[in-house]
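These notes concern the structure reproduced below.
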Amino acid sequence: MTGANSSPLRVAIAGLGTVGAGTLRVLRDNRDLLTQRCGRTIEVIAVSARDRKRDRGVDVAGIPWFDDAVAMAREAPADIFVELIGGSDGPARAACEAALSARRHVVTANKALIARHGVVLAKHAESVGVTLAYEAAVAGGIPIIKTLREGLAANRFTRVYGILNGTCNYILSTMRTSQRDFGNVLAEAQALGYAEADPSFDIDGIDTAHKLAILASLAFGTPVNFDAIHIEGIRHISLMDIHLAEELGYRIKLLGIAEMTDNGLQQRVHPCMVPLDAPIAHVEGAFNAVVCHGNFVNTIMQVGPGAGAGPTASAVVADIIDIARGRRTPTFTVPASELAEIPVSPMARHHGACYVRLIVVDRPGVFADVAAALRDNNISMEAVLQRGRRPGETVPVVLTTHESDEGAMRRTLEAIAALDAVTEPPRMIRIEPF
Ligand code: HSE
């Protein structure tokens, strides 16, 4: 649906951190271009943030200020309320609800909010005839929401996956290239401003899962279901595993994967061994990548900056432009009331190959015991590698398995961990056959 409108589009922005200030800069620096592209001017008529005095590198002096984002959402006479506060609940959620109740369009970069409350908010928006837009919530500058909802709308999807957290990708890439350990590189990522306010959201996979839940809803036309996601982070990934992965022809990536299986929709976030000949293995640093498998388009991969002021503000303003142009699409590919429940395929039903790294005492018979644990659980080994020879002391041993059931693999790992000669918990990383 489109509709011409030549009056200025009035925007109120709540949250003037990195993305908020970036959004003001895009609206200021590209003003003429945006006016031309939208056929109308975009005017910021109100802003709200915690600290009025902070230097944001962008002038907000002439813009009416609200200390309270909810009051601004209710009272400022805006066409669009832009929520850049963050957090799944609290003022962000209250302000979005207030804006929708006042029949204002809402544009948000808030993945936690959409992952947790997206369906309720979408129903609210659709019931009052306004837009809820969230392009900036997933993969920063990559237009993946538009891609799934519009560009690839002709396709039935079988799988959508990606590198959805720049901080984790930066940490894993930098550990490998600089030979530094996890803690050291995490501190650097925080200093560079990639990390979330609470870095555990990044490194424990929560941020990736928020984004995956949104992509899965769009791709499979089902309500956002964050609680269905199996989530593991990257805290336990060591330099040793990164080196051994390369020796075996893999690179370790934290992926979010949503795929339709025979048992239903499986959504999982965990470190993966990705073959070095897969393009996504070479997406490095703070970059994100999203791969979509559609039944007619086949495979599409988009790569780009997943965070930062410019890329994220670019996505926020893209949503504002759509609204300025009068362009309307359902919030999640189909109207929120038509999203259909799909059975959840739990992680226990996952079937795949694995890398297992052990630290064992180097003495005769140890490997026979490890092999017996595999045999007892019907797991077939693909390769085995021992690094070094230190009789009576510990050495790393790596094995890769053929495809097996997750449950059998877990039982095997428990049996291996209980062996006297195994001195540290076994580390398992799933191999993805891209
Ligand atoms: N902390 C996130 C990341 C920022 O590292 O990708 C964007 O959501």
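Counting starts at 1 for both ligands and their atoms, in listed order.
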request  = Using a strict cut-off of less than 4.0 Å between a Lys/Arg side-chain nitrogen and an Asp/Glu carboxylate oxygen, indicate whether D227 and R116 qualify as a salt bridge.
outcome  = yes
inquiry  = Show the atoms of ligand 1 that are less than 4.0 angstrom away from any heavy atom in T167.
reply    = 1 (N), 3 (C), 5 (O)
message = Check for me whether G140 has a heavy atom closer than 4.0 Å to any atom of ligand 1.
response = no
ask   = For D322, which of K146, R37, R328 qualifies under salt bridge (charged side-chain N to carboxylate O under 4.0 Å, His left out)?
value = K146
key: Intermediate values then yes/no, side chain to side chain donor-acceptor pair (under 3.5 Å), T147 and Q302   = CA-CA 9 Å; T147 297; Q302 295 185 326; 3.0 Å; yes
ask   = Which atoms of ligand 1 sit under 4.0 Å from any heavy atom of N165?
value = 1 (N), 2 (C), 3 (C), 5 (O), 6 (O)
task = Using distance alone, decide if ligand 1 has a nitrogen or oxygen within less than 3.5 Å of any nitrogen or oxygen in N288.
result = no
task = Determine which pairs satisfy salt bridge (Lys or Arg N to Asp or Glu O under 4.0 Å) with at least one residue from residues 277-290, sequence neighbours left out, and list them in order.
result = R176-E284, R251-E284, K253-E284
Atoms of ligand 1 close to G166 [distance to a heavy atom under 4.0 angstrom, numbered from 1] = 3 (C), 5 (O), 6 (O)
Ligand 1 versus D202: contacting region, heavy-atom distance under 4.0 Å = side chain
ask   = Is any side-chain heavy atom of M240 closer than 4.5 Å to a side-chain heavy atom of R427?
value = no
query = Thinking salt bridges, do R410 and E414 make one under a 4.0 Å N-O criterion?
reply = no
task = For A307, counting its heavy atoms only, list the atoms of ligand 1 lying under 4.0 Å from any of them.
result = 4 (C), 7 (C)
query = Which atoms of ligand 1 are found less than 4.0 Å from any heavy atom of G306?
reply = 7 (C)
inquiry  = Show the atoms of ligand 1 that are less than 4.0 angstrom away from any heavy atom in K211.
reply    = 2 (C), 6 (O), 7 (C), 8 (O)
inquiry  = Apply side chain to side chain donor-acceptor pair (under 3.5 Å) to residues H124 and E97 and explain how you reach the verdict.
reply    = CA-CA 8 Å; H124 190 169; E97 283 169 351; over 6 Å; no
